[in-house]
Amino acid sequence: MSALAQSITLIESTAPSHRLCARKVLEGLAEHGRKRARLVAISGVPGAGKSSLIETLGNQLCDNGLRVAVLAVDPSSSRSGGSILGDKTRMETLSIRPECFIRPSPTGGALGGVTRRARETVMICEAAGFDVILIETVGVGQSEIAVRSLVDCFILLLITGAGDDLQGIKKGIVEIADIVLINKADGDNQVAAETTRLEFEGVMHMLSPSTEGWSPPVLAVSAHEDRGIAETWRAVEAYFEHLEISSQLLSRRRQNNLNWYRSHVAEELYARFLQDPGIAGEIAHIELAVLDGSLEPSLAVDTLYEKLSPISLSN
C-alpha cells in the first residue's frame with residue numbers, strides 16, 4: 001500500500017520536476033495494462049452521510065472477498081488552498097482492513113467534485129488490482145456533473161428533512177443518477193424516509209434516464225443500522241449487468257476517456273497562458289479589468305489568446 005500511496009502522491013504533485021516521473025508511471029500502466037474495476041461515485045448533500053455509507057458498504061464488499069479502494073475528495077480552501085483530509089478518521093473500521101485502501105485527496109480548487117488527477121489515480125488503483133473503486137465527491141452542485149465522465153455508476157445520496165424540495169430542484173444532478181438512496185431511514189425517521197423515497201421514485205420516472213433502458217431505483221437505506229446496504233450493491237450489480245448486456249459499458253468508458261482528455265486540454269492551455277513570459281505580467285491587469293467590469297470575460301479570453309506566442313503553444 002505504501003508504493004500505491006507514493007505513486008498517487010507523485011501523480012497529484014504540481015511540482016514541475018515530478019511531471020516527467022508521473023508521465024513515465026502512466027506510460028508504464030498503459031503498456032502493461034490493468035484490470036478494470038467497477039467505478040462508482042457517491043455524491044450527496046452535505047450531512048447526507050456519504051462517509052458512513054461508504055464505510056458500511058465497503059466493509060460488506062470486503063467481507064464478500066472484494067478489494068476496495070476509496071478515493072475520498074476533500075474540498076480545498078479557497079483562501080489557503082489547504083484541506084482537512086479527515087476521511088480516514090470518519091471510516092475507522094474500514095481504514096484498518098487490509099483489503100481496503102483509502103486515499104483522501106484535495107480538489108485543489110477543481111470543479112466536478114473530483115481532483116484534477118482523479119482519472120490517473122483510478123488507473124493506479126486498477127493496476128494495483130482493486131475490484132471496486134468508490135469515489136466520494138465533495139457535495140452536490142451543478143459543476144459536479146463532471147464526475148459522470150469518470151465513473152461507470154453514479155449514486156446520489158439524499159436525506160429527509162434537509163430541504164427535499166431543494167434537493168429535487170437540482171435536476172441536472174438527479175438526471176445523471178443511476179441509483180438514488182434516501183439515507184438515515186432509521187428510528188423515528190423511517191416513515192419520512194419512505195415518503196421521500198416515493199416522492200423521488202415519481203421524480204425519476206418523469207426524467208430521461210442517463211443510461212438507455214435503465215430505470216434508476218430509489219432505495220431507503222440506513223448506514224447506521226446497516227439497512228438496505230446489501231440491496232444497494234445488488235442494484236449496482238444489476239446496473240452493471242444491464243450495461244454489459246446492452247453493450248453500453250465499453251462505449252461509456254470510451255466516451256468518458258474522451259471527455260476527460262478534453263478537460264485536461266482546457267486545463268493545460270490555461271497553464272500555458274500562465275507560464276508564457278509574454279502574458280504572465282499582464283494577466284493580473286486583465287483579471288482586474290474583468291473584475292471591475294471594464295472588460296468582458298469573452299473579450300479577455302480573446303486578449304489572452306492573441307498574446308500567447310506560437311512557441312509557447314508548440315512546447
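Throughout, numbering of the chain's residues begins at 1 and tracks the sequence.
- Residues passing the side-chain contact (heavy atoms from CB on, under 4.5 Å) test with Gln190, sequence neighbours excluded: Arg227.
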Indicate every side-chain donor-acceptor pair of residues 282-292 with a distance under 3.5 Å to a residue at least two apart or in another chain.
unit_1 : atom_1 : unit_2 : atom_2 : d
Glu282 : OE1    : Lys307 : NZ     : 3.0
Asp292 : OD1    : Ser294 : N      : 2.9
Asp292 : OD1    : Ser294 : OG     : 2.7

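- Sorted by first then second residue, the salt bridge (Lys or Arg N to Asp or Glu O under 4.0 Å) pairs that include residues 249-265, not counting sequence neighbours, are Asp152-Arg253.
- Residues Arg119 and Asn256 have side chains not in contact (no heavy-atom distance under 4.5 Å, counting atoms from C-beta outward).
- Pro216 has its side chain within reach of Pro209: a pair of non-hydrogen atoms, C-beta onward, lies under 4.5 Å apart.
- Donor-acceptor pairing under 3.5 Å is recorded for the side chains of Asp178 and Thr211.
- Leu207 and Phe154 fall within the same hydrophobic cluster, where Ile, Leu, Val, Met, Phe, Trp and Tyr residues are linked whenever their side-chain heavy atoms come under 4.5 Å apart, directly or through other members.
- A side-chain N or O of Glu136 and one of Ser51 form a donor-acceptor pair less than 3.5 Å apart.
- Scanning for side-chain contact (heavy atoms from CB on, under 4.5 Å) contacts around Arg234 gives Ala230, Glu231, with sequence neighbours left out.
- Contacts of Glu55 classified as salt bridge (Lys or Arg N to Asp or Glu O under 4.0 Å), with partners at least two apart in sequence or in another chain: none.
- A salt bridge (Lys or Arg N to Asp or Glu O under 4.0 Å) check over residues 205-219, counting only residues at least two apart or in different chains, returns nothing.
- Without hydrogens or angle criteria, Asn259 side chain to Ser149 main chain gives no donor-acceptor distance under 3.5 Å.
- A continuous path of hydrophobic side-chain contacts links Leu249 to Ile179 [ILVMFWY only; heavy atoms under 4.5 Å].
- Remark: Asp226 engages Thr56, Gln60, Ile229 in a side-chain contact (heavy atoms from CB on, under 4.5 Å) (not counting sequence neighbours).
- Remark: Thr9 engages Arg103 in a side-chain hydrogen bond (donor to acceptor under 3.5 Å, both in side chains) (not counting sequence neighbours).
- Around the CD atom of Glu296, the shell of radius 6.0 Å holds no more than 12 heavy atoms that belong to other residues, nucleotides or ligands.
- With sequence neighbours left out, the salt bridge (Lys or Arg N to Asp or Glu O under 4.0 Å) criterion links Arg38 to Glu237, Glu244.
- Listed by chain and residue number, Ala223 satisfy the side-chain contact (heavy atoms from CB on, under 4.5 Å) test with Ser52 (two or more places apart in sequence, or in another chain).
- Rounded to the nearest 0.5 angstrom, Leu71 CG and Phe130 CZ are separated by 9.5 Å.
- For Asp131, the salt bridge (Lys or Arg N to Asp or Glu O under 4.0 Å) partners are Lys35, not counting sequence neighbours.
- Under the ring pair (Phe, Tyr, Trp, His ring centres under 6.0 Å) criterion, the residue pairs touching residues 203-222 are Trp214-Tyr239, Trp214-His242, with sequence neighbours excluded.
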